[in-house]
Amino acid sequence: MNELRHQGIGMTSQRTRDRLIERLRDKGIKNIALLDIMRSTPRHIFVDEAMASRAYEDTALPIGLGQTISQPYIVARMTEALLEAGPLEKVMEIGTGSGYQTAILSRLVKRVYSVERIEALQQQARLRFQELGLRNIRLKHSDGNWGWKDYAPYDGIIVTAAPSQVPKPLFDQLKVGGRLVIPVGEKGEQQLLVVTRTEEGFDSKHLDLVSFVPLLGGRG
Ligand code: SAH
């Protein structure tokens with residue numbers, strides 16, 4: 001038992017975390033503020049204790065209820081794309097999940113509004129934010145297909161589950177000049193898109209092929 005616990009500590013050590021950041025850098029992530037925040041945010045508290053020893057591997061991991069915590073590289077890639085045009089104030093996230101992406105974002109923007117359809121996941125995430133002293137996050141238990149109208153329009157929107165098409169309310173709730181980062185498509189063929197709202201309409205650009213859990217309808 002002691003030996004196991006010891007191993008756990010080793011696997012979550014600063015050196016292990018630094019290695020993950022090096023990997024993100026090697027894979028092309030350039031935003032220094034983002035890399036620093038990912039270095040100092042403990043990912044192991046966002047996964048079950050049994051998975052803690054794998055928290056600093058660059059992989060998605062199960063978080064229960066059929067959901068996953070996103071791969072660190074994807075979190076970095078999406079966050080970098082969201083922030084590419086400069087600092088943001090209000091950001092909406094759809095799919096709080098473990099809260100890891102939310103926590104990273106909350107340290108880079110003024111306020112995060114995050115929507116999750118599974119209440120149990122939302123409650124766990126809330127406790128983690130308290131533990132980390134993150135106070136600029138608001139959570140809503142709802143179907144993210146509707147966005148979160150009360151605080152719209154947003155400077156940025158990030159979606160961490162894949163719909164087959166962008167839900168219309170997300171377009172409507174984006175500010176002119178704002179950016180939406182979203183995986184779109186069916187299982188096995190999802191594209192990560194960055195959509196910018198202009199005065200005239202929406203510009204869309206492909207970033208990557210990705211693999212996310214589906215954006216479901218209704219509350220879980
Ligand atoms: N960013 C999260 C990713 C979690 S996986 C993390 O890194 O932990 C995607 C999440 O989207 C799951 O928690 C799932 O329950 C949630 N989700 C799926 N469909 C949804 C919907 N329609 N509205 C809100 N959340 C949804």
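Both counts, for ligands and for their atoms, begin at 1 and track the order of listing.
- With hydrogens and angles disregarded, a donor-acceptor distance shorter than 3.5 Å links the side chain of E116 to the backbone of G97.
- Near T68, meaning under 4.0 Å from one of its heavy atoms, ligand 1 places the atoms 3 (C), 4 (C), 5 (S), 8 (O).
- Between K205 and E84, at least one side-chain N (NZ, or NE/NH1/NH2) sits under 4.0 Å from a carboxylate O, which counts as a salt bridge.
- Summary of contacts: the protein heavy atom closest to atom 11 (O) of ligand 1 is G95 CA, 3.3 Å.
- Using a 4.0 Å cut-off to heavy atoms of I69, the atoms of ligand 1 that qualify are 6 (C), 7 (O), 8 (O).
- Ion pairing of D58 with K27 is present here, as a side-chain N (NZ or NE/NH1/NH2) and a carboxylate O approach within less than 4.0 Å.
- Below 3.5 Å of separation, one finds no N or O of Q101 facing any N or O of ligand 1.
- Interface atoms of ligand 1 facing I118, defined by a heavy-atom separation under 4.0 Å, are 15 (O).
- Distances shorter than 4.0 angstrom do not occur between any heavy atom of G217 and any atom of ligand 1.
- Two residues are said to be in side-chain contact when any heavy atoms from C-beta on lie closer than 4.5 Å; R54 and T59 meet this criterion.
- Selection from G97, G99, S98 by nearest heavy atom to atom 8 (O) of ligand 1 gives S98.
- When heavy-atom distances to ligand 1 are checked against a 4.0 Å cut-off, V213 comes that close only through its side chain, counted from C-beta outward.
- In this structure, the protein non-hydrogen atom closest to atom 16 (C) of ligand 1 is E116 OE1, 3.4 Å.
- Of the possible polar contacts, none joining the D143 side chain to the G217 backbone as a donor-acceptor pair under 3.5 Å is found.
- Judged purely by atom type and a 3.5 angstrom limit, D203 has no side-chain atom pairing as donor or acceptor with the backbone of T196.
- Remark: minimum distance from atom 25 (N) of ligand 1 to any protein heavy atom is reached at R117 N, 3.3 Å.
- Below 3.5 Å of separation, one finds no N or O of L215 facing any N or O of ligand 1.
- Those atoms of ligand 1 with a heavy atom of S142 less than 4.0 angstrom away are 23 (N), 24 (C).
- Using a 4.0 Å cut-off to heavy atoms of L121, the atoms of ligand 1 that qualify are 13 (O).
- What sits closest to atom 9 (C) of ligand 1 on the protein, heavy atoms only, is T160 O, 3.3 Å.
- Sorted by first and then second residue, the pairs that involve residues 132-165 and meet ring-ring contact (aromatic ring centres under 6.0 Å, His included), not counting sequence neighbours, are Y113-W148, Y113-Y151, Y113-Y154, W148-Y151.
- Pairs engaging residues 86-110 under the ring-ring contact (aromatic ring centres under 6.0 Å, His included) rule: F46-Y100 [sequence neighbours left out].
- Atoms of ligand 1 lying under 4.0 Å from any heavy atom of N145, numbered from 1 in the order shown and given with element: 22 (N).
- In this structure, the protein non-hydrogen atom closest to atom 7 (O) of ligand 1 is S70 N, 3.1 Å.
- Q122 and T96 form no side-chain donor-acceptor contact under 3.5 Å, judged by distance and modelled atom types alone.
- In this structure, atom 23 (N) of ligand 1 lies nearest to the protein heavy atom G144 N, 2.7 Å.
- Looking at ligand 1, you won't find any N or O of Y100 less than 3.5 Å from one of its N or O atoms.
- E80 has no carboxylate O lying under 4.0 Å from a charged side-chain N of R77, or vice versa, which leaves the two without a salt bridge.
- Numbered from 1 in the order shown, with element, the atoms of ligand 1 that lie under 4.0 Å from a heavy atom of D143 read 21 (C), 22 (N), 23 (N).
- Heavy atoms of T96 approach ligand 1 to within less than 4.0 angstrom.
- Here Q67 has side-chain heavy atoms under 4.0 Å from ligand 1, and that is the only part of it that gets that close.
- Of all protein heavy atoms, the one closest to atom 22 (N) of ligand 1 is L216 O, 2.4 Å.
- Remark: side-chain polar atoms of R197 are not paired, donor with acceptor, to backbone N or O of K175 under 3.5 angstrom.
- By the rule that hydrophobic residues join a cluster once side-chain heavy atoms approach within less than 4.5 Å of another member, F212 and L65 end up as members of one cluster.
- Residue contacts with ligand 1: P214 is included, with a non-hydrogen atom under 4.0 Å away.
- No donor-acceptor pair under 3.5 Å is formed between the side chain of N145 and the backbone N or O of P167.
- Under the 4.5 Å side-chain criterion, counting only non-hydrogen atoms from C-beta, L132 is in contact with I45.
- Applying the 4.0 Å criterion to heavy atoms of A161 picks out, from ligand 1, the atoms 11 (O), 18 (C).
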